[in-house]
Number of protein chains: 2
Amino acid sequence: MSAFALSVILVSPKTPGNIGSAARAMKNMGANDLRIVAPRCNVLDSEAIAFSVHAEELVRQAPIFATLEEATADLDFLMGTTARQRDDLPEPIFPSEVKPMLAAFQKVGVVFGREESGLTTDELARCQSVLRIPTSDYASLNLAQAVLLCCYELLQAERSSGAVPVPVTEATDLAPREQMERFYEQLQDFILKVNYTDQPRLKHKMRQMRKVFDQARMTEDQIRMLRGLWAQALWAAKSKKFIIED
Amino acid sequence: MSAFALSVILVSPKTPGNIGSAARAMKNMGANDLRIVAPRCNVLDSEAIAFSVHAEELVRQAPIFATLEEATADLDFLMGTTARQRDDLPEPIFPSEVKPMLAAFQKVGVVFGREESGLTTDELARCQSVLRIPTSDYASLNLAQAVLLCCYELLQAERSSGAVPVPVTEATDLAPREQMERFYEQLQDFILKVNYTDQPRLKHKMRQMRKVFDQARMTEDQIRMLRGLWAQALWAAKSKKFIIED
């Protein structure tokens, strides 16, 4: 997926649960190297293990360092994270913007600061890029959420599912879902009354119908047109005694 | 930022804390319409309020519906979420892949299922797109993390910070950080000894130096070359008595 290996460095985390949650987030996104600098709690606390869920080995194997310098000595590109602009430092960029630079490196690290105060300006100055996560005006991400979003953006965001997305067509006055549901109710009724399918196969058939008509992205006029067609077809069938019940 | 409004619909959530955390995640990412279908807990439980942090009003204002159909009647594009492929349904695509389609809509909803079992196949069949979040082989996201990543990708991921990222140059054998730090130590020593700056201004000056040389992305040979230059300059200065101390 990625040419580089991503290490996550937590500087002086305070709450064991945050360490565990960060490890869980990392593992979900495919980052497997957790390093901890000067923790302010017991990293192997039962809460850390519980919150890590199946990423327990990331927490248990995490090396502990006294300083950020020691923790990052072997890395060749370092990104610091911050929630705000700092004096003397370059303006923070978004994780998606640093991504193109990472292809040139093998060992990349992303550093997260203290729960209350983040990284110091000195710590950020050791990093070659300063990252900020894009948010709305309201920004209050916890440590594990920040780790999750960074690892997602750096390791997963550009992946392709391999599935073919439904093609897009422009439309201005699409019918609301409520009308589509009324449309499907009438279609289902129609299908049963004309004996197109039977009750056991009905659900499966309706799913196939939904694929067709959801993809069609109809306007209210188009829905009205088709509902009119079915009502008419039903009347015609009925008048010729094609109806089993009713 | 986005032309469409994004609603988040939680189907039968069980744990109040998850509702609160989901609301907090939404607000961070700029989604402000939370809707809840047939909750299995008290939505206004103190835990829900506590976990929402500053997104309390999203929880307090969230309308409660009996069915998914009622909850989504006014929306014009609906996305369901799943962690796995389901029979009878299209292969799930990633949130980044559905994003280009959303420009054509005004009111878009993303639906999240029960903590233990997700959405039913019937519920997913009501959605025009089925989404899966890209993860590593290990996938164990909780409800609020899934909400966070979907809202991030649909509302924030394509934003630009406006900052100019450091330009990228290709390099194969970049010096590890440890050598860069030794380099900066020697540079700092050099700067002080030649009286280039004084102790109060040193930190600021070193940050400016770091911007230059980090951006230069040097190899070990290049570092060696510059360290040699400074050692030589210091020797020359010393022999001419330019040194204050040492």
Side-chain angles (χ1 to χ4, degrees), chain A residues 24-25 27-30 53-54 69 72-76 78 88-94 96-98 100-101 104-105 122 125 128-129 132 134-136 138-141 145 148-149 152-153 156-157 159-161 163 165-166 168-171 174-178 181 203-204 207 210-211 214, chain B residues 24-25 27-30 53-55 69 72-76 78 88-94 96-98 100-101 104-105 122 125 128-129 132 134-136 138-141 145 148-149 152-153 156-157 159-161 163 165-166 168-171 174 176-178 181 203-204 207 210-211 214:
Chain A
R24 181 187 182 181
K27 192 168 180 193
N28 267 289
M29 294 301 138
V53 189
H54 296 288
E69 188 177 356
T72 57
D74 64 317
L75 304 179
D76 49 30
L78 212 55
D88 287 347
L89 290 174
E91 203 179 330
I93 61 174
F94 292 156
S96 58
E97 296 172 313
V98 83
M101 301 182 205
F105 300 95
D122 281 350
Q128 290 89 70
S129 274
R132 185 168 74 78
T135 59
S136 69
Y138 168 77
S140 154
L141 292 168
Q145 289 174 325
L148 179 71
L149 287 170
Y152 167 78
E153 187 61 76
Q156 297 284 344
R159 280 180 60 194
S160 161
S161 66
V166 177
V168 194
T169 52
E170 284 298 323
L174 285 169
R177 289 308 297 168
E178 194 168 24
E181 292 304 328
K203 273 196 165 182
H204 176 70
R207 281 192 206 116
R210 279 175 180 271
K211 278 194 214 179
D214 277 345
Chain B
R24 181 187 183 182
K27 191 167 181 195
N28 267 289
M29 294 301 136
V53 190
H54 297 287
E69 186 176 359
T72 57
D74 64 319
L75 303 179
D76 49 30
L78 211 54
D88 286 348
L89 291 174
E91 203 179 329
I93 62 174
F94 292 156
S96 59
E97 295 172 314
V98 83
M101 300 183 208
F105 300 96
D122 281 350
Q128 290 87 71
S129 273
R132 184 168 74 79
T135 60
S136 69
Y138 168 77
S140 155
L141 292 168
Q145 290 174 325
L148 178 72
L149 287 169
Y152 166 80
E153 187 61 76
Q156 297 284 344
R159 280 180 60 194
S160 162
S161 66
V166 176
V168 195
T169 52
E170 284 297 324
L174 285 169
R177 288 308 296 166
E178 194 168 27
E181 293 304 328
K203 274 196 167 180
H204 176 68
R207 279 188 209 122
R210 280 176 180 270
K211 278 194 214 178
D214 276 346

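We name chains A, B, ... by the order of the sequence lines, and we start the count at 1 in each one.
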> Checking Gln145(A) side chain against Leu148(B) main chain: does a donor-acceptor pair fall under 3.5 Å?
Replying inline: no
> So, the side chain of Glu97(A) versus the backbone of Ser161(B): is there a donor-acceptor pair under 3.5 Å, distance only?
Replying inline: yes
> Considering only heavy atoms, which portion of Phe94(A) lies under 4.5 Å from any heavy atom of chain B: side chain, backbone, both, or neither?
Replying inline: both
> Out of Asp74(A), Asp76(A), Leu141(A), which one racks up the most heavy-atom pairs below 4.5 Å with chain B?
Replying inline: Leu141(A)
> Counting heavy-atom pairs under 4.5 Å to chain B, which of Pro92(A), Ala125(A), Ala139(A) comes out on top?
Replying inline: Ala125(A)
> Can you say whether Arg24(B) sits under 4.5 Å from chain A via the side chain, the backbone, both, or neither, judging by heavy atoms?
Replying inline: both
> So, for Thr135(B) and Gln156(A), which heavy atoms are closest and what is the spacing to 0.1 Å?
Replying inline: C-NE2, 3.4 Å
> Is a donor on one side and an acceptor on the other found under 3.5 Å between the side chain of Ser136(B) and the backbone of Asn28(A)?
Replying inline: yes
>> Taking every non-hydrogen pair under 4.5 Å, which of Ala157(A), Pro176(A), Pro134(A), Ala25(A) racks up the most with chain B?
In response: Pro134(A)
>> Please identify, among Glu178(A), Arg177(A), Arg132(A), Glu69(A), the residue contributing the most non-hydrogen atom pairs under 4.5 Å to chain B.
In response: Arg177(A)
